[in-house]
Amino acid sequence: FHSQLVALVVGESQAACRAAAEKVIVEYEPLTPILTLRDAIAKGSFHNEPNFIRRGDAEKSLAAAPLTLEGEFEFGGQEHFYLETQAAHATRGEDGSVFVVSSTQHPSEVQQVVAHVLHLPANRVVVQMPRMGGGFGGKETQAATPAALAALAAQHTGRPVRVRFNRDQDMALTGHRHPFLATFKVGFDADGTLRAVRAHLTSNGGWAQDLSQAVTDRALFHLDNCYYIPAVEFRGQVAKTNVSSNTAFRGFGGPQGMLVIEEILDRVARRLGLAPEVVRERNLYHGTDATNTTHYGQVIEDNRIQTIWQELKQTSALEKRRGEIAEWNFKNAWRKRGIAITPVKFGISFTVTHLNQAGALVLVYQDGTVQLNHGGTEMGQGLHTNVAMIAAQTLGVKLADIRVMPTSTDKVPNTSATAASAGTDLNGAAVKNACETLRARLAPVALELVAAEVTRLKLKSPIGNRQSPNADCRLAIGDWRLAIEQSLLTSAATEKLVFADGFVFHRELPEVTVAFAQVAQKAYLSRVS
């Protein structure tokens with residue numbers, strides 16, 4: 001593709017690198033490029049064989065439908081335009097290892113790519129990601145290129161190397177949201193109810209496949225959006241063209257698939273002379289039988305689309321505003337207004353099952369402060385804040401006592417990309433599991449300290465030492481010996497411990513508290529990890 005990298009120049013400064021790069025001579029053989037989806041289809045240029053999702057007999061249902069229409073719909077891509085461009089720096093270690101700091105959504109994949117390029121085992125490559133200035137999917141796979149270039153140069157020169165694309169380079173070298181071309185035929189009734197849809201999607205993958213097949217498959221999954229279609233044939237294929245390799249982008253094919261079915265419904269509405277929302281409403285998923293199952297066989301649980309749809313029509317005053325807009329448009333020849341209501345059903349998490357996992361490493365220090373490592377990456381979406389809050393709540397410490405560390409492959413290995421709208425769900429659950437493990441280890445230590453504190457306060461109190469009764473004593477609840485001492489001596493008492501706000505206390509005696517830091521130090525002295 002135009003602007004593809006052919007050489008890497010390293011130097012002391014950008015000016016020196018540019019001067020050296022000017023001396024590079026490349027001999028090209030001019031070839032006829034394939035740049036558009038229509039060119040690729042005409043020339044049979046594809047990355048893969050087509051994938052199909054079918055339900056019922058689409059051809060038979062189309063033939064039997066009272067009305068049909070055919071068409072095609074093509075739409076372009078989109079530039080991620082994260083504020084921080086692709087960047088990485090690498091340092092060679094004394095034992096042949098390499099340390100890479102990369103602006104990436106997937107440190108483990110960068111680790112694998114760098115190891116592959118340098119012919120190193122994975123344990124010799126450490127990739128760290130403090131935070132990104134935006135990602136949106138553009139740094140899920142393609143951050144590996146600048147990282148590998150920096151690592152390669154660092155290995156050869158023995159010196160730290162930084163690679164950073166400027167904005168022009170970033171937009172020219174990296175991939176974008178996939179453009180799509182859809183051809184379709186739809187069968188429907190006179191009231192707009194869909195009977196069958198045959199839709200063939202072709203995505204522009206660019207010169208390399210990257211994640212294009214998965215993106216195209218997800219577009220097929222979302223071709224129904226919120227609508228029940230009795231019979232479908234959905235086909236997807238990735239075109240191979242001479243443009244930069246397109247990649248993940250927020251929604252990962254879902255927006256493209258939903259856009260196609262919305263265009264189909266809009267054309268049906270126009271053919272019948274109906275308002276688009278009328279046709280949409282008549283085709284929404286409903287009921288608990290087969291009409292509530294997607295074309296790929298998933299039952300839609302807790303289906304609230306009908307309720308939401310009706311409520312929004314009322315709360316938005318849709319009909320009233322439609323009338324006002326029609327009147328305004330009648331009076332204004334050159335300026336027009338419009339209003340629409342459109343549903344969205346979007347599937348979160350990874351389609352590939354094994355990617356739905358995460359890890360965490362949580363460290364508690366003797367002063368009660370916590371260092372938190374997890375496999376997710378922070379790109380402005382607030383993931384680090386979310387997991388810190390989860391850790392603080394689970395351990396019962398103050399948020400200020402939690403420090404989230406830069407994501408690093410030597411702390412949490414084999415991580416999945418921070419993508420698929422699942423960063424907090426996956427990594428937050430891993431952090432919660434780790435904190436629950438720690439809290440279970442600390443509970444017996446905390447129980448011992450709480451019991452000791454109860455004994456100390458009992459001896460100190462008027463009731464405890466029987467010197468004089470005191471009705472205002474807030475520490476006495478019922479009989480000390482039976483209600484408290486016996487309870488604290490049982491192993492089941494750990495289940496009644498509460499960790500909150502930096503303290504630990506017994507649920508039945510909240511007045512007696514022990515600082516979390518005291519518990520942490522006691523655990524260390526007791527050789528509890």
Side-chain angles (χ1 to χ4, degrees), residues 80 82-84 86-88 99-114 122 125-144 147 211 214 218 247-252 254 346-364 370-395 397 399 401-438:
H80 299 88
Y82 26 69
L83 294 185
E84 176 194 35
Q86 301 276 6
F99 176 75
V100 179
V101 177
S102 170
S103 180
T104 177
Q105 293 174 241
H106 200 345
S108 290
E109 182 166 297
V110 172
Q111 178 191 30
Q112 293 169 10
V113 170
V114 170
V125 179
V126 175
V127 176
Q128 186 182 95
M129 209 300 295
R131 59 196 173 279
M132 275 173 285
F136 312 110
K139 296 175 181 176
E140 184 173 344
T141 60
Q142 302 206 354
L211 294 170
R218 182 161 279 238
T247 190
F249 200 130
R250 187 80 178 115
F252 203 80
F346 183 76
I348 67 165
S349 81
F350 294 95
T351 308
V352 180
T353 303
H354 74 263
L355 295 179
N356 295 296
Q357 61 177 300
L361 172 63
V362 182
L363 312 175
V364 179
V370 178
Q371 198 180 85
L372 175 58
N373 301 270
H374 65 91
T377 57
E378 174 61 60
M379 63 195 91
Q381 84 280 38
L383 175 61
H384 283 349
T385 302
N386 288 343
V387 295
M389 293 171 67
I390 291 169
Q393 182 176 11
T394 308
L395 285 176
V397 301
L399 188 60
D401 289 332
I402 303 284
R403 181 190 178 196
V404 181
M405 304 302 292
T407 306
S408 187
T409 57
D410 64 344
K411 299 298 188 296
V412 180
N414 307 319
T415 59
S416 297
T418 303
S421 303
T424 295
D425 289 331
L426 293 174
N427 295 283
V431 167
K432 183 173 182 291
N433 287 347
C435 291
E436 287 174 346
T437 299
L438 290 170

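Sorted by first and then second residue, the pairs that involve residues 348-358 and meet side chain to side chain donor-acceptor pair (under 3.5 Å), not counting sequence neighbours, are R218-T351. Among residue pairs with one or both ends in residues 373-393, those qualifying as ring pair (Phe, Tyr, Trp, His ring centres under 6.0 Å) are H374-H384; sequence neighbours excluded. For residues 350-359, the set of pairs meeting the salt bridge (Lys or Arg N to Asp or Glu O under 4.0 Å) definition, not counting sequence neighbours, is empty.
Residues forming a salt bridge (Lys or Arg N to Asp or Glu O under 4.0 Å) with K411 (at least two apart in sequence, or on another chain): none. Not a single side chain to side chain contact (heavy atoms under 4.5 Å, CB included) links P413 to another residue, sequence neighbours left out. Applying the side chain to side chain contact (heavy atoms under 4.5 Å, CB included) rule to Q393 yields no partners; only residues at least two apart in sequence or on another chain are considered. The side-chain hydrogen bond (donor to acceptor under 3.5 Å, both in side chains) search around T437 returns none, not counting sequence neighbours. A search for side-chain hydrogen bond (donor to acceptor under 3.5 Å, both in side chains) contacts involving T418 returns T377, not counting sequence neighbours. With sequence neighbours excluded, the residues that form a side chain to side chain contact (heavy atoms under 4.5 Å, CB included) with S103 are E84, M132, K139. Partners of T409 under the side chain to side chain contact (heavy atoms under 4.5 Å, CB included) rule, at least two apart in sequence or in another chain, are P107, S108, Q111, V126, V127. F249 meets the ring-ring contact (aromatic ring centres under 6.0 Å, His included) test with H80; sequence neighbours excluded.
For the pair N373 and S408, the minimum side-chain heavy-atom distance is 4.5 Å or more. Within the 4.5 Å cutoff, the side chain of V370 has heavy atoms near those of the V362 side chain. Put simply, the side chain of L399 reaches to within 4.5 Å of the side chain of M389, judged on heavy atoms.
Side-chain atoms of E140 never come within 3.5 Å of backbone atoms of Q142 as a donor-acceptor pair (strictly under, hydrogens ignored).
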Which donor-acceptor pairs under 3.5 Å do the side chains of residues 420-428 make with protein atoms, sequence neighbours left out?
residue, atom, partner, partner atom, Å
S421, OG, R250, NH1, 3.0
T424, OG1, N386, ND2, 2.9
N427, OD1, G375, N, 3.3
N427, OD1, G376, N, 3.1
N427, ND2, G423, O, 2.9

